[in-house]
Amino acid sequence: MIELHQVHRDFLVGDQTVHALNDINLTITAGEYLSIMGPSGSGKSTLLNLIGLLDRPSSGQYLLDGEDVTTLGDVQQAHTRNRRIGFVFQAFHLVPRLTAAENVELPLILAATPPQERRERVAAALEALNLSDRARHKPEQLSGGQRQRIAIARATITEPAVLLADEPTGNLDHQSGGDVIETLERLNRRAITLIVVTHDAELGARASRRILMRDGRIESDKRTDRA
Amino acid sequence: MNGSDISRFAWVALRGYPTRTLLMLIAMAIGVAAVIVLTSLGEGARRYVTDEFSSLGTNLLIVFPGRSETAGINPTTMMGETPRDLTLDDALALTRSYSVRRIAPLNVGAADISWRNRQREVTVIGTTREMLAIRHWELAQGDFLPATDPDLATPVCVIGGRIRSELFGARRALGEWLRIGDRRFRVIGVMASEGRSIGVDVQETVMIPVASAQQLFNTPSLFRILVEAKSREAIQPVKRFIIDTLQARHQGEKDVTVVTQDAVLATFDRIFSALTYAVGGIAAISLMVAGILIMNVMLVAVSQRTAEIGLLKALGAAPRQIIVLIIAEAFLLSSLGALLGLLLGQIASAGIRHAFPVLPAQAPLWAAVTAVLVALITGVLFSLLPARRAARLDPVLALSRR
Ligand SMILES: Nc1ncnc2c1ncn2[C@@H]1O[C@H](COP(=O)(O)OP(=O)(O)OP(=O)(O)O)[C@@H](O)[C@H]1O
Ligand SMILES: [Mg+2]
């Protein structure tokens with residue numbers, strides 16, 4: 001469902017060009033569980049942002065479900081992000097003045113979902129993550145693990161096909177990091193395509209497909225058959 | 001995103017930064033309140049002055065000695081200096097028109113008055129009984145000047161209320177003989193205290209028959225002639241009549257000026273309306289300043305909330321939705337500020353009316369409407385730039401900044 005062909009992403013820093021992504025060719029099928037690892041600055045985040053349509057390649061082609069999305073306009077890209085892609089960030093990025101439930105509701109508000117349906121879906125999503133009793137809490141009243149799980153609920157509320165997580169456990173202790181990963185994996189078992197960027201070798205190893213990046217290139221791409 | 005979602009989001013955003021919101025509200029409110037208060041003062045002054053002029057009398061024409069080129073008031077007419085004086089006979093000649101209801105000649109001078117050992121200086125007005133009706137004056141005691149031949153210098157006087165209390169205290173003034181200059185006059189009436197009146201303070205004047213005044217001041221001339229036309233429509237014909245009559249009497253020289261009360265009123269009305277517009281406009285500029293403040297605050301808000309805007313983009317907000325959210329916030333801010341300002345302005349105007357009852361300070365409707373509109377428009381206009389900046393933010397950079 002995700003196809004990248006000869007994708008480059010160059011950044012101009014001063015008068016130097018940084019090749020953050022250098023000739024990336026990658027095909028990801030629906031429902032895969034993929035981890036991206038590699039040293040700092042190897043282009044992991046850049047690749048993820050590109051897949052998530054937060055960034056555009058300098059050259060190359062990106063097909064999402066067979067459709068060339070690099071040429072889409074801003075409005076179309078925003079629409080695609082809203083319906084088909086979910087993001088989970090290292091820093092959670094919850095809106096501090098909104099309650100947990102309101103944060104989860106945001107993508108539905110942007111999608112102009114009717115209020116009644118919104119409430120039902122938010123309640124169901126929180127219920128599924130065992131966070132119903134935290135619905136009316138502000139982010140600052142939640143633990144890191146709870147915040148990240150709220151962020152996951154928000155990322156998946158529009159039932160996207162792809163969930164992109166950039167170091168989702170980077171700000172968490174071992175215990176809550178494990179909770180978060182389990183939550184993500186449970187979603188993957190229910191057919192969502194999961195792509196996780198991580199520095200944690202143990203976490204990376206859990207994915208059925210593991211990509212190692214170095215200097216903007218894919219160095220290795222290993223698969224294990226699912227148990 | 002529907003309207004209620006947008007306004008709820010904006011409202012929560014405003015509540016999220018209470019200090020900032022409060023300061024902005026105050027800035028906006030002060031701007032709007034300034035427009036309300038200043039225009040209410042201007043309007044109050046206008047109404048005060050026009051009321052004053054109306055209280056001079058109705059359908060009034062005032063004849064000045066001396067020629068003025070423009071029909072207004074110029075220094076020579078103000079000084080009352082003229083090559084040819086207005087005389088009592090001139091005044092009496094003016095009664096010979098069907099359209100003239102009544103006339104009153106007027107002579108004014110300062111004189112020392114005394115009763116027993118008490119003494120003071122006052123303004124002495126020489127006139128006739130008609131003056132009472134023309135100026136709608138009222139008497140507290142006794143009667144006004146007698147309706148005799150204007151040429152008759154009867155030694156009687158009518159005194160102002162304050163003069164009565166200063167000279168006579170608790171004693172009865174009616175029937176007493178008052179010395180004015182080197183003559184003696186019998187007090188036949190006391191003026192009622194009048195609310196207000198432009199020019200002469202009735203409280204501080206002594207009125208005597210016009211012929212007596214001419215003797216007292218040793219002059220055959222008059223200071224003014226007041227002419228009351230029978231109706232509003234008669235004012236212009238009467239003006240013509242006065243000019244023609246006096247020209248004929250003055251060997252063909254047009255050496256008088258006739259001012260109609262309407263013209264004076266209209267002039268003052270124009271002046272004060274212009275003044276009100278001017279101060280309203282100046283105050284509206286302070287609203288613009290508030291608008292610029294809003295712009296700065298929204299710019300700060302956008303940079304403060306960079307990550308949040310990046311997040312909204314990641315969640316699928318289109319550029320237009322971001323713009324709408326930011327503008328909605330500014331709009332909400334400026335409408336709340338405008339509302340607060342409206343309230344403050346009205347309270348302040350009421351306070352002014354309470355403190356100075358003579359000044360009917362009340363902001364005209366156009367001022368209130370304009371102030372609110374300007375507030376809303378500046379709020380939206382000045383938030384366009386921050387909103388567009390927010391919409392153009394690169395989400396990757398926005399999200400990576402912590
Ligand atoms: N906006 C940008 N402007 C200039 N250079 C950039 C920009 N974003 C990324 N880069 C550069 O591109 C390269 C890849 O960056 P990227 O963030 O993808 O690395 P990463 O693998 O995610 O690293 P980390 O593990 O530290 O998060 C780096 O050399 C970085 O300096
Ligand atoms: Mg990274």
Side-chain angles (χ1 to χ4, degrees), chain A residues 9 11 20 45-50 52-56 72-99 102-115 118 138-139 151 154-158 160 164 166-167 171, chain B residues 1-22 300-329 332-333 387-402:
Chain A
R9 181 67 172 103
F11 291 106
S45 296
T46 306
L47 177 60
L48 207 68
N49 291 333
L50 225 137
L53 294 178
L54 288 179
D55 200 4
R56 292 169 189 267
L72 288 181
D74 283 348
V75 176
Q76 238 92 51
Q77 283 207 343
H79 189 260
T80 306
R81 276 200 297 273
N82 184 254
R83 304 299 163 92
R84 290 154 76 177
I85 297 164
F87 283 97
V88 177
F89 305 96
Q90 178 178 357
F92 318 137
H93 286 307
L94 297 179
V95 179
R97 17 171 232 286
L98 299 181
T99 64
E102 286 166 342
N103 265 286
V104 175
E105 195 184 5
L106 271 179
L108 295 179
I109 291 177
L110 294 172
T113 311
R118 272 179 355 217
K138 292 279 170 67
R154 182 179 63 190
T156 52
I157 193 77
T158 55
L164 307 172
D166 196 347
E167 300 184 39
N171 283 2
Chain B
M1 266 193 328
N2 62 29
S4 83
D5 286 332
I6 294 168
S7 47
R8 198 158 48 92
F9 195 86
W11 172 242
V12 172
L14 289 182
R15 258 198 351 210
Y17 303 87
T19 323
R20 180 189 75 116
T21 302
L22 201 70
V300 171
V302 166
S303 63
Q304 256 178 357
R305 280 188 258 155
T306 302
E308 184 183 318
I309 290 158
L311 170 83
L312 286 175
K313 289 192 154 188
L315 296 181
R320 171 160 300 194
Q321 287 179 307
I322 306 262
I323 289 181
V324 166
L325 283 176
I326 301 281
I327 289 180
E329 198 175 323
L332 192 63
L333 200 59
R388 293 177 60 157
R389 179 168 295 187
R392 276 204 304 267
L393 271 181
D394 176 356
V396 175
L397 288 181
L399 283 166
S400 64
R401 221 167 70 184
R402 284 237 50 199

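Predicted, not measured: the structure shown is a model, and the values here were computed from it. Sequence lines set the chain letters: A, B, ... in the order given, protein chains first and strands last, and positions in each chain run from 1.
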The interface call for A/Glu105 against chain B, heavy-atom contacts under 4.5 Å, is side chain
Under the side chain to side chain contact (heavy atoms under 4.5 Å, CB included) rule, what do B/Lys313 and A/Arg81 come out as? Steps first, then yes or no, please. CA-CA 8 Å; B/Lys313 289 192 154 188; A/Arg81 276 200 297 273; 4.3 Å; yes
Nearest atoms (heavy-atom pairs only) where B/Leu312 meets A/Leu110: O-CD1, 3.8 Å
Among A/Leu108, A/Ile85, A/Asn82, single out the residue with the greatest number of heavy-atom pairs under 4.5 Å to chain B. A/Asn82
Tell me, side chain or backbone of B/Arg320 under 4.5 Å from chain A's heavy atoms, or both, or neither? neither
Determine, step by step, whether B/Leu315 and A/Phe87 satisfy the side chain to side chain contact (heavy atoms under 4.5 Å, CB included) criterion, reporting the C-alpha distance in whole Å, the side-chain angles of both residues, the deciding distance to 0.1 Å, and the verdict. CA-CA 8 Å; B/Leu315 296 181; A/Phe87 283 97; 5.9 Å; no
Is it true that, when you exclude B/Arg389 itself, more than 12 heavy atoms of the residues, nucleotides or ligands shown sit nearer than 6.0 Å to its CZ? no
Between the CZ atom in B/Arg392 and the CG atom in A/Asp74, the distance rounded to the nearest 0.5 Å is 11.5 Å
Side chains of B/Phe9 and A/Ile109: closer than 4.5 Å at any heavy-atom pair? no
Looking at B/Leu399 and A/His93, what are the two nearest heavy atoms and their distance? O-NE2, 3.0 Å
Kindly give the heavy-atom pair with the smallest separation between A/Leu54 and B/Ala314, and that separation in Å. CD2-CA, 3.7 Å
Ranking B/Ala13, B/Gly310, B/Pro319 by heavy-atom pairs under 4.5 Å to chain A gives rank one to B/Ala13
Looking only at heavy atoms, which two atoms of A/Leu98 and B/Val12 are closest? And how far apart? CD2-CG1, 3.5 Å
Would you mind checking which part of A/Glu102 comes under 4.5 Å of any heavy atom in chain B, side chain (CB onward), backbone (N, CA, C, O), both or neither? side chain
Flag yes if more than 12 heavy atoms outside B/Arg20 fall under 6.0 Å of its CZ atom; otherwise flag no. yes
Do you know which of A/Val75, A/Asp166, A/Leu106, A/Thr113 has the most heavy-atom pairs with chain B at a distance under 4.5 angstrom? A/Leu106
Examine whether an atom of B/Ile6 lies under 4.5 Å from a heavy atom of chain A, and if so say whether it belongs to the side chain, the backbone or both; otherwise answer neither. neither
Top contributor to chain B interface from A/Pro107, A/Pro96, A/Gly52 [non-hydrogen pairs under 4.5 Å]: A/Pro107
Can a salt bridge be assigned to the pair A/Arg118 and B/Asp5 using a cut-off of 4.0 Å between side-chain N and carboxylate O? yes
